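Written out below as structure tokens is the structure these notes cover.
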Amino acid sequence: MILTIIAAAAENNALGKDNDLVWHLPDDFKRFKTLTSGHYIVMGRKTFESFPKPLPNRTHVIITRQKDYIVPEGCIVVDTIEKAINSCPENEEVFIIGGGEIYKQSINIANKIELTRVHTEVEADTFFPEIDENNWKLIEEEYHPKDEKHQFNFTYLTYIRK
């Protein structure tokens, strides 16, 4: 199994505030959709509930400690990151899509990170964990300047575990 963390984080590792993103980057949304379509996506309950509806063409694995959580149709609900990973096919690429706590729990077991580094610092209440360069090797980097649709410069960064 390839376990890939996918996130967009500011220079100060900010992910979001009040259970929402703090920027709108349409090209990053397109990249997220392209990379995750057809795959299992693992997330915390709050991240799942931030979507207007389940994302199409993906199997949602939701982690929550709520015992009485009502399982949305077509979704898998578990109470730990380990159970979430074990509920996914072994020969698949599985994407960890957030939030901050789920990223912290998975960064030491993931094989790959697909990070969109947004070149700004913003106020946030949720943060991405530090990427330890001793454990991760940057293998791809693609810079995108801001434009009429994107208010910030950003860079796609792909890391693999050393």
Side-chain angles (χ1 to χ4, degrees), residues 1-16 19-51 53-64 72 74-119 124 126-144 150 152-162:
M1 174 185 296
I2 298 171
L3 192 58
T4 301
I5 292 173
I6 188 166
E11 298 283 353
N12 61 340
N13 282 329
L15 290 167
N19 209 31
D20 203 358
L21 299 175
V22 287
W23 45 69
H24 181 72
L25 301 172
D27 286 353
D28 186 50
F29 286 138
K30 285 181 198 149
R31 181 172 184 261
F32 176 88
K33 181 179 180 181
T34 299
L35 290 173
T36 63
S37 282
H39 295 281
Y40 280 65
I41 53 175
V42 175
M43 72 212 78
R45 175 188 56 81
K46 290 180 189 172
T47 296
F48 176 75
E49 291 176 352
S50 73
F51 302 149
K53 61 183 186 205
L55 302 174
N57 195 30
R58 284 157 269 210
T59 302
H60 296 63
V61 182
I62 305 162
I63 303 169
T64 181
C75 298
I76 300 166
V77 175
V78 295
D79 60 1
T80 66
I81 188 76
E82 293 80 13
K83 289 178 184 173
I85 293 164
N86 289 335
S87 70
C88 300
E90 286 184 28
N91 58 347
E92 275 278 327
E93 182 170 13
V94 173
F95 288 87
I96 307 289
I97 69 164
E101 192 54 41
I102 302 303
Y103 289 137
K104 279 184 214 140
Q105 291 176 28
S106 61
I107 196 148
N108 292 322
I109 56 175
N111 315 90
K112 189 176 177 186
I113 300 172
E114 292 286 357
L115 181 67
T116 301
R117 180 62 75 190
V118 184
H119 299 297
T126 308
F127 294 88
F128 194 77
E130 285 293 327
I131 296 174
D132 183 346
E133 302 283 341
N134 294 317
N135 298 329
W136 295 96
K137 179 182 178 184
L138 180 64
I139 61 164
E140 206 171 312
E141 195 170 351
E142 185 181 320
Y143 177 78
H144 294 264
H150 302 84
F152 302 110
N153 300 326
F154 58 96
T155 303
Y156 298 138
L157 303 169
T158 302
Y159 293 88
I160 56 171
R161 185 170 295 285
K162 287 185 179 177

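On a predicted model such as this, the values are computed, not experimentally measured, just so you know. Values below: every heavy atom of this structure, side chains too, minus hydrogens, waters and symmetry copies.
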Which residues pass the salt bridge (charged side-chain N to carboxylate O under 4.0 Å, His left out) test with [X], sequence neighbours left out?
X      : answer
Glu93  : Lys112
Arg31  : Glu114
Lys162 : none
Arg45  : Glu49

Would Ile107 and Trp136 satisfy side chain to side chain contact (heavy atoms under 4.5 Å, CB included), going step by step from the backbone distance to the final call? CA-CA 10 Å; Ile107 196 148; Trp136 295 96; 4.2 Å; yes
Of all residues at least two apart in sequence or in a different chain, which pass the side-chain contact (heavy atoms from CB on, under 4.5 Å) check with [X]?
X      : value
Leu138 : Glu141, Leu157, Tyr159
Ala124 : Ala14, Phe127
Pro56  : Arg58
His119 : Glu11, Arg117, Tyr143, Asn153, Thr155

As an exercise, state the distance from [atom1] of [X] to [atom2] of [Y], rounded to the nearest 0.5 Å.
X      : Y      : atom1 : atom2 : result
Thr158 : Leu35  : OG1   : CG    : 8.0 Å
Ile113 : Ile139 : CD1   : CD1   : 11.0 Å
Ile97  : Ile102 : CD1   : CD1   : 10.5 Å
Thr59  : Ile41  : OG1   : CD1   : 8.5 Å
Asn108 : Ile81  : CG    : CD1   : 11.5 Å
Thr126 : Asn13  : OG1   : CG    : 12.0 Å

So Thr36 and Leu55, side chain to side chain contact (heavy atoms under 4.5 Å, CB included) or not? Walk me through it. CA-CA 10 Å; Thr36 63; Leu55 302 174; 5.8 Å; no
Return each pair, listed once, that meets ring-ring contact (aromatic ring centres under 6.0 Å, His included) where at least one residue sits in residues 91-112; pairs must be two or more places apart or across chains. His39-Phe95, Tyr103-Phe128
Salt bridge (charged side-chain N to carboxylate O under 4.0 Å, His left out) pairs, two or more places apart, involving residues 81-90: Asp79-Lys83
With sequence neighbours excluded, give me every salt bridge (charged side-chain N to carboxylate O under 4.0 Å, His left out) pair touching residues 100-109. Glu101-Lys104
Would Ile85 and Val94 count as a side chain to side chain contact (heavy atoms under 4.5 Å, CB included) if you check the C-alpha gap in whole Å, the side-chain angles of each, and the deciding distance to 0.1 Å? CA-CA 8 Å; Ile85 293 164; Val94 173; 5.8 Å; no
Please report the closest heavy-atom contact between [X] and [Y], naming both atoms and the distance.
X      : Y      : answer
Thr47  : Gly98  : OG1-C, 3.3 Å
Asp132 : Asn134 : OD1-N, 2.8 Å
Ile96  : Ser106 : CG2-OG, 3.5 Å
Ala9   : Leu15  : CB-CD2, 4.0 Å
Tyr40  : Ser87  : CE2-O, 3.8 Å
Val61  : Cys88  : CG2-SG, 4.1 Å

What residues, two or more places apart in sequence or in another chain, satisfy ring pair (Phe, Tyr, Trp, His ring centres under 6.0 Å) together with Phe154? His144, His150, Tyr156
